[in-house]
There are 2 protein chains.
Amino acid sequence: MQETFTTEQGLTVPVHDLPLLDRVRTLILGGDFPPGAPVSEVFLAQEFDVSRTPIREALKQLQHEGLVEIRPKVGTFVREPTRREIVELFQLKESFEGLAAGLLARRGPVRELAVLERNLEESDEAAASGDAERYAALVHEFHQTIILGADNNKLTEHYGRLMNQLAYHRLVLRTAGHPGRIIASTAEHRTVLEMIKDKDHFGAEAAMRNHVYASSREVLTDSRTRND
Amino acid sequence: MQETFTTEQGLTVPVHDLPLLDRVRTLILGGDFPPGAPVSEVFLAQEFDVSRTPIREALKQLQHEGLVEIRPKVGTFVREPTRREIVELFQLKESFEGLAAGLLARRGPVRELAVLERNLEESDEAAASGDAERYAALVHEFHQTIILGADNNKLTEHYGRLMNQLAYHRLVLRTAGHPGRIIASTAEHRTVLEMIKDKDHFGAEAAMRNHVYASSREVLTDSRTRND
DNA sequence: AGAGATTATGTTGCATGCATGAAGTCGTCA
DNA sequence: TGACGACTTCATGCATGCAACATAATCTCT
């Protein structure tokens, strides 16, 4: 097994081309490029002070991840996911996270339980003090902990791809949404955690899927963000 | 949306580099390369009569798909999935196919029902006449029909990636296994179909997951193939 | 002036060459 | 004989150059 590195989104990539691929991805996801904007190879090449060749390879990866669209002989463009794709991705998210919660419950973890417990406490604090940013970070951490806790690298990998595709959408929502409004999804998180504690993997999966479904619906029905 | 093409495994790729990427993938999955074997760029380059550059890009894609391992400054090698990875992939397969069956049941399909119905009849015939090859093909078609019937392109995409990673393993099992032995999993398929007919998406998902789990266990416990 | 054809431009697609680094090989020395 | 070290070999990593094609701009003709 080669040396790998797991990115923030949980995507495992070979470590040797991490800097470039990661930097390009960050640049595109950063929001500097509106959807549909062209991403020229030469621009990126001089931006990162490398040749076009490694840039091309990175862009192909990103195409594979669904973040950009390469039109042969024309150019590369930031891909704007359609609403239908968003729905599809959320269906997958529900399935992935449900699976993860179930696997974690079956494992009967120790370390993760403490982390999740602490997370919920801090989430309550953040919600009470109205710290939206902190709350969002904690929500992210909660889900990430469960995914990683499932102890299934392939799941982590696929989940990372998924979240990368949703990342741009999330960003739009987060910046365009109502920052002050935080709906406490902590209750649903707590339910999930209880199920995991009880080693009820069936219940944990169901609870997590309900939670993801609920949050996705709120994202999809209107444009208000639920920070989750 | 750019023009895409869906491969046999259901993986959607841009059409312009289909020939090369697909041919390289087929070559590697074809079994000519034992696991761990080096896949030199120059070899592939002269094999397909192109330069190293497009070969490199294709290999990077395959690395992304998990089929090869690129060791920097050393070479590219056919990746041998560990047993643990096989287990992880089957867990994902269970989740994917369960999701697909559920979505299909919820859709209340018409065309797919006829196809699946016919498939089961032919499966019975193939099983009765002991045509292992035909039976395996029908099993593949059954699952593929359900995946595609779920009408979720992202699911199809992720599933395709998954199956590509399992493809090599399947091949080994199929060739090394006992070709005469066919255990009729048709009964489980029939259960899944009944649930879909009844639009019981919950039951369909459960039935499919049980089925996939059962077949995976049989694959994993010993080396005998169940053709599924 | 408008429509079609033609040129011009910009970007990608690929081939090639060279530098870099990793293994393996051979030789030398203790 | 065994171990250490320089060297050879070989494959990759990347830069560069040129050709091909899509698109836009221009020109011509009616």
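Residue numbers begin at 1 in each chain, while the letters A, B, ... track the order of the sequences. Just the heavy atoms: all of them, side chains too, but no hydrogens, waters or symmetry mates, feed the values below.
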Whole-Å distance separating the CG atom of Leu21(B) from the P atom of dG13(C): 14 Å
Given dT16(D), dT12(C), dG17(C), the nucleotide with the shortest approach to the side chain of Arg52(B): dG17(C)
Interatomic distance, Leu59(B) CG vs dA11(D) C1' [rounded to whole Å]: 12 Å
Atom pair distance, as rounded to whole Å: CG in Leu44(B) and P in dA11(D): 12 Å
Shortest side-chain distance from Val74(B), nucleotide among dT16(C), dT12(C), dA22(C): dA22(C)
Distance in Å, His64(B) NE2 paired with Leu21(A) CG, rounded so as to fall on 0.5 Å steps: 7.0 Å
Result of checking Glu85(B), Glu69(B), Glu65(B) against Arg79(B) for side-chain hydrogen bond (donor to acceptor under 3.5 Å, both in side chains): Glu85(B)
Side chain of Lys73(B) - closest among dA15(D), dG13(C), dG13(D): dG13(D)
Separation of dA22(C) P from Glu69(B) CD (nearest whole Å): 16 Å
Separation of dG13(C) P from Lys60(A) NZ (nearest whole Å): 7 Å
Between dG13(D) (P) and Asp49(A) (CG): distance, integer Å: 19 Å
Residue-phosphate contact under 4.0 Å: Arg56(B) side-chain N/O, dG13(D) OP1/OP2: yes
Options dG13(C), dG13(D), dC14(C), nucleotide nearest the side-chain atoms of Ile70(A): dG13(C)
Leu162(A) CG to His158(B) NE2 distance, which is reported to the nearest 0.5 Å: 5.5 Å
Integer-rounded Å distance: dG13(D) P and Leu20(A) CG: 13 Å
Separation of dC10(D) P from Phe43(B) CZ (nearest whole Å): 17 Å
Sugar-phosphate only, base, or nothing, as touched by Thr53(A) at under 4.0 Å among non-hydrogen atoms: base
Leu20(B) vs Phe48(B) side-chain heavy atoms within contact, under 4.5 Å: yes
Under 3.5 Å side-chain donor-acceptor pair for Thr26(A) and Asp22(A): no
Given DNA chain C, 5'-ward residue of the pair Val50(B) and Gly75(A), judged by closest heavy atom: Gly75(A)
